[in-house]
Amino acid sequence: MARTKGPARKIWPPRRRHRVLVASLLVQNPTAVVGRKETTAEPVASAPTTRARSRRIAAATDALSKDILVYEIFVRLPAKDILRCRAVCRSWRNLTSAPDFLLAHHRGQPSFPLLTLNGADITKDGSPICNHSRPLLGLDDYEGFKLLASCDGLLLFSLSNGRFSICNPTTRQCAPLPCLTAAGRINIVALYLHSPSGEYRVLYWKGRQQDHHLKAAYYILKVRQGQLSRCIGVPSSTAGIDKIMLDWHETTTNFAPPVVFRNCLHWNAGCDAGILVFDNIIESFRLMRSPAAATRICNHLCAMEGSIAFSCHDGSRRRIIKIWVLEDYEREVWSFKYHVTPSVESFYYDDHLVLSQKGNVLVYKAFTGRMFHCDSTGKLLEEFQCDSPGLSSIGHWFKESLVKHDISLRRGCARVFQRV
């Protein structure tokens, strides 16, 4: 007797496809290397189809000075066009693959603020959800996804299964970090470059807070295969910093990205506490003074004019953003720089982010997805509107990088979108 198929088994409750997208916000005047001239270059054609064409390109390359070709033309192209240049001829492939060129190319690329959009309404093909945005990284069925750190084109994020991964969206490669698991209540503080060794490292702490005391310790992990974490405790060169760090941990759920300056990581620990500094050479914490006239309302740290800037809302009129720049690092002397009053009606109680060396700011409402880009005079330059209400994070930055890292990156750990 032939077997008959029974009714299809119903799964209840039905599984909902959950998608997460990390996108960079394309603003008119993103941060860039000071003094860099804004130029546009036409994309290079695809690989030649004949040997004669290849010889003509090689002859044209020889006619130009290699320094002009590499450091005046190639270094200004986006990463996607650099990859196309490598397919033109062997000479161009060698020039655009040299380590010194890759480092110079990365330094000359602009930095863009990152957004994370969380929800099922994200398009499957990775098309922009927010106008003037570019998708970078997409993950499926990871409801616990969190973007935790960004450094030199590398993104560090955690997944719902308690694992951590690092990804370079430019090269479309990812790598897991098996030494890190969320089972021990790991709290990522920063991903940074240790200049003396050239290694990328993760600073994190784990433990718990009990009886108003910080029962935790800090750890450092070298982002290389087979490396184990190293405990450094809570080293400090400032008396009474334990209480300040306890308050900082209690009020900070997602650590804001640090400002890197002079081999030190800087975080805003609040106007009363000041600025928390971690020297990654001697691996010790200390405190710096914040501007005396700064308020507690939406204050942030950022890199500006080759130094550190501090921004906040005015205490009496919250429509005004004040920006200071640290002029003397050793003596901790701040200089008032900009007084920005955005010409946006719905700006009241909104947060902000300093975008450029000239005091441009981005004011936004995270829950509604509305963002406004204003210059230092308050003039509205452009407005952004995200269709997804799941705008969950803003403050991290992304800069394209083709630099080859000593990390076992490979394809297939996450979906990295092509540039659009």
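Quick caveat: nothing in here was measured; it's all calculated off a predicted structure. All residue numbers in this chain count up from 1 along the given sequence.
Listed by chain and residue number, Asp314 satisfy the side-chain hydrogen bond (donor to acceptor under 3.5 Å, both in side chains) test with Lys322 (two or more places apart in sequence, or in another chain). Legend: residues meeting salt bridge (Lys or Arg N to Asp or Glu O under 4.0 Å) with Asp100, ordered by chain and number and at least two apart, are absent. Every residue meeting the salt bridge (Lys or Arg N to Asp or Glu O under 4.0 Å) condition with Arg201, not counting sequence neighbours, appears here in chain and number order: Glu199, Glu283.
Taking the side chain as every heavy atom from C-beta outward, Ile232 and Arg230 approach each other to under 4.5 Å. Val403 places none of its side-chain heavy atoms less than 4.5 Å from the side chain of Asp152.
In this structure, Trp92 has its ring center under 6.0 Å from that of Phe74. Aromatic ring centroids of Tyr218 and Phe278 lie 6.0 Å or more apart. Separation of the Phe112 and Phe398 ring centroids does not fall under the 6.0 Å cut-off. A centroid separation of less than 6.0 Å is found between the aromatic rings of Phe261 and Tyr329.
Rounded to the nearest 0.5 Å, atoms CG (Asn268) and CD1 (Ile308) are 11.5 Å apart. Of the inter-residue distances, the one linking Leu265 atom CG with Leu276 atom CG reads 9.5 Å to the nearest 0.5 angstrom.
Residues Lys80 and Glu400 are not paired through a salt bridge, judged by the lack of any N-O separation under 4.0 Å between the basic side chain and the carboxylate. With salt bridges taken as basic N to acidic carboxylate O contacts below 4.0 Å, one links Arg262 and Glu330.
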Ring pair (Phe, Tyr, Trp, His ring centres under 6.0 Å) evaluation trace for Tyr364 with Phe384: CA-CA 9 Å; Tyr364 59 92; Phe384 304 94; over 10 Å; no
Ser284/Asp279 under side chain to side chain donor-acceptor pair (under 3.5 Å): CA gap, chis, key distance, verdict: CA-CA 5 Å; Ser284 177; Asp279 190 324; over 6 Å; no
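Not a single donor-acceptor pair under 3.5 Å links the side chain of His313 to the backbone N or O of Ile321.
Nearest heavy atoms, Leu69 versus Ile73: O-CB, 3.3 Å.
Using the six-membered ring where Trp is involved, Tyr219 and Tyr204 have ring planes that are parallel, under 30° apart on the 30 and 60° scheme.
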